[in-house]
Amino acid sequence: MQASYLWKKLFAKKHLMEHYEEKIKDKPSVGLDKVSPKKFEEDLDENVEIIIRKVMNGSYHFTRYKQLLFTKGPVKPPRAICVPTLRDKLTASVLNELLVGVYGDECKTMMPQLIIDDITNKISLYEYFLKLDVKSFYGSINQDKLIKIIKKRIHKPDIISLIWNSIRTEALTYPIKEKVEKSERTIGVPEGLPISNTLANIYMHNIDRKYRKIDYISYYRYVDDILILVNEDKFLDIKKEISEDINELGLELNEKKDEGLITESFEYLGYVISANKVTVRRSSILKIEQSIEDLFRTIKNNNIDYLQWKLNLKITGFIIEKHKYGWLFFYSQITDMSLLFHLDDVVKKLINRYKLKDKIKIKKFVRTFAEIRMALHETKYIPNLDSLKLEDKKKILSDIYQMDLSDKDQRFIEIQFRKIMKREIRDIEKDIENIS
């Protein structure tokens, strides 16, 4: 679709208001302007008018991002996430919608489960694997090259200017301890914005397209992690060629490369893959085990309903707003059934250790996996929170989260339920963090 058409259609008041309700409202964040979601929403009409006016006259500037650091383990540098103001988040999210409208599937990230499924279907055709990862991927993207690539498809200066502004805005590490002179980011794309993944995929598109077309390999990329399946006669050639192409883009590969015979197994996206088995890497198994044990250790015995609810959410995951969340949803492509029996056994032993036998009713990893693979659309075993009635939500809030809902109206209940489940999403997603 033409960028100019989308520009007028998407940066219109009606669409911005709708986009806020659908994409931003339930994922609020407070940027360096310290404007709270409540305050932003009170002035939503005015904020939308400001976006439209400044975007259309070319004067829109992003406020400096709040930078948060997240650890990736003892040997890796922390992940730097940029948090925009709510107004900038709405603007960047609509700008991202425009890019997706122009580029389509070319700029989308394939779901890990679909990647693993394709790998398992094709792995028998190959003898070798080559695993590469791009060093400081987002932070190393050449801005000039990125804009040059985008200009081949988008010619409207106003759109280019807005993209430029979004990526050149600097980030300040939070909390800010002293006044910092304003400057610009000169290299890289800020990670954590609604537009970040799309821009990175556009930057890598020519490489992705080239290697996906080569008929004697299978090529996969998830953000900065590249996997190539290849036979012995082409292994060295393809390794040399892709390294040169990555360098040509101004990116650098980490020196440590994982490569070898497929029969030896390899890790990718948290999975361990070989010609005859797909399982979960050891660190991810230990992580879910520890997460489950922490529930028993931290939740008091006098709140059995809460423990049962939280534990079952860990085991089954849940569906909300048509999205699936949970450890088994992520690892739904495994073939290692012994792992699931092991996890059920871990839960059983913890129940016995904490003397809760016959006091709580806990679901099973084995049964959940079967429901995901064979009966997801019909199952009642995995909670589909979209199908809950108001009374169901009220009961969960009052009985499990022990909220006083006397004299509270429907809107209050809906808001509180959504807020609490967003918290549960954050908790459940910790079990699958740092898959690369």
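Values in this document were obtained by computation on a predicted structure and should not be read as measured data. The basis for the numbers below is simple: all heavy atoms, side chains too, and nothing from hydrogens, waters or symmetry mates.
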* Asked: What do the steps show when you test Leu90 against Val94 for side chain to side chain contact (heavy atoms under 4.5 Å, CB included), and what is the final call?
  -> CA-CA 6 Å; Leu90 175 55; Val94 173; 4.2 Å; yes
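- Annotation for Leu313 and Pro383: closest pair CD2-CG, 4.4 Å, computed over non-hydrogen atoms.
- With hydrogens and angles ignored, the 3.5 Å screen pairs no side-chain donor or acceptor of Tyr138 with any backbone N or O of Ala80.
- For the 3.5 Å distance criterion, the side chains of Asn201 and Thr109 qualify, holding a donor opposite an acceptor.
- Classification of Glu46 and Arg87 as a salt-bridged pair fails, no side-chain N sitting under 4.0 Å from a carboxylate O.
- Between Lys395 and Glu391, none of the side-chain N atoms (NZ, or NE/NH1/NH2) sits under 4.0 Å from a carboxylate O, so this pair counts as no salt bridge.
- No more than 12 heavy atoms of other residues, nucleotides or ligands shown are found within 6.0 angstrom of NZ on Lys394.
- Taking the ring centre of Tyr381 as origin, the terminal cationic atom of Lys363 falls inside the region bounded by 6.0 Å and 45° from the ring axis.
- The environment of CZ in Arg418 is crowded: more than 12 heavy-atom neighbours from other residues, nucleotides or ligands sit within 6.0 Å.
- Across every non-hydrogen atom of Ile420 and Leu397, the tightest pair is CD1-CD2, 3.6 Å.
- Aromatic ring orientation, Phe235 versus Tyr128: tilted (interplanar angle from 30° to 60°).
- Note on Glu18 versus Lys14: salt bridge recorded, some NZ/NE/NH1/NH2 to OD/OE distance being below 4.0 Å.
- Checking side-chain atoms of Lys131 against main-chain N and O of Glu267 turns up a donor-acceptor pair under 3.5 Å.
- Here the rule is side chain to side chain contact (heavy atoms under 4.5 Å, CB included) with Cys82, and of Leu68, Leu193, Asp88 only Leu193 fits it.
- A salt bridge links Lys13 with Asp45: the closest approach of a Lys/Arg side-chain nitrogen to an acidic carboxylate oxygen falls below 4.0 angstrom.
- Under 3.5 Å, the side chains of Gln113 and Asp117 contain no donor-acceptor pair of N or O atoms.
- With salt bridges taken as basic N to acidic carboxylate O contacts below 4.0 Å, none links Glu106 and Arg209.
- Asp431 and Ser291 share a donor-acceptor pair across their side chains, judged by distance under 3.5 Å alone.
- Remark: the Thr85 side chain and the Tyr65 side chain contain no N/O donor-acceptor pair separated by less than 3.5 Å.
- Using a 4.0 Å cut-off between a side-chain N of Lys or Arg and a carboxylate O of Asp or Glu, Asp344 and Lys348 do not qualify as a salt bridge.
- In this structure, Asp245 pairs ionically with Lys210, as a charged nitrogen and a carboxylate oxygen lie closer than 4.0 Å.
- Phe318 pairs with exactly one of Asp386, Ile428, Asn312 by the side chain to side chain contact (heavy atoms under 4.5 Å, CB included) rule, that one being Ile428.
- The existence of a salt bridge linking Asp427 and Arg423 is excluded, since no basic side-chain nitrogen approaches an acidic carboxylate oxygen closer than 4.0 Å.
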* To do: Apply salt bridge (Lys or Arg N to Asp or Glu O under 4.0 Å) to Glu293 and Arg353, showing your working.
  => CA-CA 11 Å; Glu293 185 170 358; Arg353 183 195 304 172; 3.0 Å; yes
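- For the pair Asp237 and Lys234, the salt-bridge criterion is not met [side-chain N within less than 4.0 Å of a carboxylate O].
- Donor-acceptor pairing under 3.5 Å is lacking for the side chains of Thr63 and Asp33.
- Ionic pairing of Asp345 and Lys349 is present here: one or more N-O contacts between side-chain nitrogen and carboxylate oxygen are shorter than 4.0 angstrom.
- The ring of Tyr60 has its center closer than 6.0 angstrom to the ring center of Phe62.
- Note on Arg185 versus Glu170: no salt bridge recorded, every NZ/NE/NH1/NH2 to OD/OE distance being 4.0 Å or above.
- For Phe341, the CZ atom sits in a loose shell: 12 or fewer heavy atoms of surrounding residues, nucleotides or ligands are nearer than 6.0 Å.
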* For the pair Leu343 and Glu289, evaluate side chain to side chain contact (heavy atoms under 4.5 Å, CB included) and give the outcome as yes or no after the intermediate values. => CA-CA 7 Å; Leu343 291 174; Glu289 289 176 354; 3.9 Å; yes
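- Of all heavy-atom pairs between Pro194 and Ser93, the closest is CB-CA, 3.6 Å.
- Salt-bridge annotation for Lys239 and Glu259: present, with a side-chain N of the basic residue lying under 4.0 Å from a carboxylate O of the acidic one.
- The neighbour count for Lys422 NZ, taken as heavy atoms of other residues, nucleotides or ligands under 6.0 Å away, is above 12.
- A ring-centre distance under 6.0 Å is found for Phe40 and Tyr20.
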